[in-house]
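Please read all numbers here as calculations on a predicted model, not as lab measurements.
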Amino acid sequence: MFLFYFGIENIRSKPEIEIEGKRRISSLQKAIIANFLNPNPYLFWITIGAPMFIKGVEISAWNGAIFIFTFYLMLVGSKMIIVLAGGKLTTFFRSSKYVIVIRATGILLLALSVLLFYDGIERLNIL
């Protein structure tokens, strides 16, 4: 349902520029909600991350510390690269092409949400 909501919001997006402070708060709230609803980090830490960390700590406390440090260094580093690249594309973000891209991703999000909803119902053996 959350992806469906994002899809509708993207399709309804207007090309006008919003107040920067308000937009940042709204985007930050959306990002926080999306991160909490994303099952990938939980699945990673349950299936791969925690067992690797525990094995590393059994060998040496340094192994566990190095694993956590490098994991978050790569995670934060890759996100910093994305932010820096986004900063270089400010002219694109103000163009009409950007609005077209946002609306196209809205359509893709709607399609994905419908597919995921159907898959979830199918897995529950309702259909």
Who else is in the cluster with Ile107 when I, L, V, M, F, W and Y are joined by side-chain contacts under 4.5 Å? Phe4, Ile8, Ile11, Leu110

Can you tell me how far the CG atom of Leu124 sits from the CD atom of Glu122, to the nearest 0.5 Å? 10.5 Å

Grouping I, L, V, M, F, W and Y whenever their side-chain heavy atoms are under 4.5 Å apart, do Tyr72 and Val57 come out in a common cluster? yes

Can you tell me which residue pairs pass the side-chain hydrogen bond (donor to acceptor under 3.5 Å, both in side chains) test with a partner in residues 47-68, sequence neighbours excluded? none

Which side-chain N or O atoms in residues 36-46 pair as donor and acceptor under 3.5 Å with protein atoms at least two apart or in another chain?
unit_1, atom_1, unit_2, atom_2, d
Asn38, OD1, Asn40, N, 3.0
Asn38, OD1, Asn40, ND2, 3.3
Tyr42, OH, Phe36, O, 3.2

Tell me every residue that passes side-chain contact (heavy atoms from CB on, under 4.5 Å) with Lys79, counting only those two or more places apart in sequence or in another chain. Leu75

For Ala65, which residues count as a side-chain contact (heavy atoms from CB on, under 4.5 Å) partner, sequence neighbours excluded? none

Students often mix this up, so state it plainly: with edges at 30° and 60°, are the rings of Phe67 and Phe71 parallel, tilted or perpendicular? parallel

Quick one: name the residues clustered hydrophobically with Met74, using the 4.5 Å side-chain heavy-atom rule over I, L, V, M, F, W, Y, and just say none if it's on its own. Phe69, Leu73

With sequence neighbours left out, what residues match Phe117 under ring-ring contact (aromatic ring centres under 6.0 Å, His included)? none

Across all chains, not counting sequence neighbours, the side-chain contact (heavy atoms from CB on, under 4.5 Å) partners of Leu3 are Leu109, Leu112, Ser113, Leu116

With Phe53, which residues qualify under ring-ring contact (aromatic ring centres under 6.0 Å, His included), at least two apart? none

For Leu108, the other hydrophobic cluster members (4.5 Å side-chain criterion, sorted by chain and number) are none

Can you name the side-chain contact (heavy atoms from CB on, under 4.5 Å) partners of Asn35, sequence neighbours left out? none

Can you list every pair that meets side-chain hydrogen bond (donor to acceptor under 3.5 Å, both in side chains) and has a residue in residues 2-12, with sequence neighbours left out? Asn10-Thr105

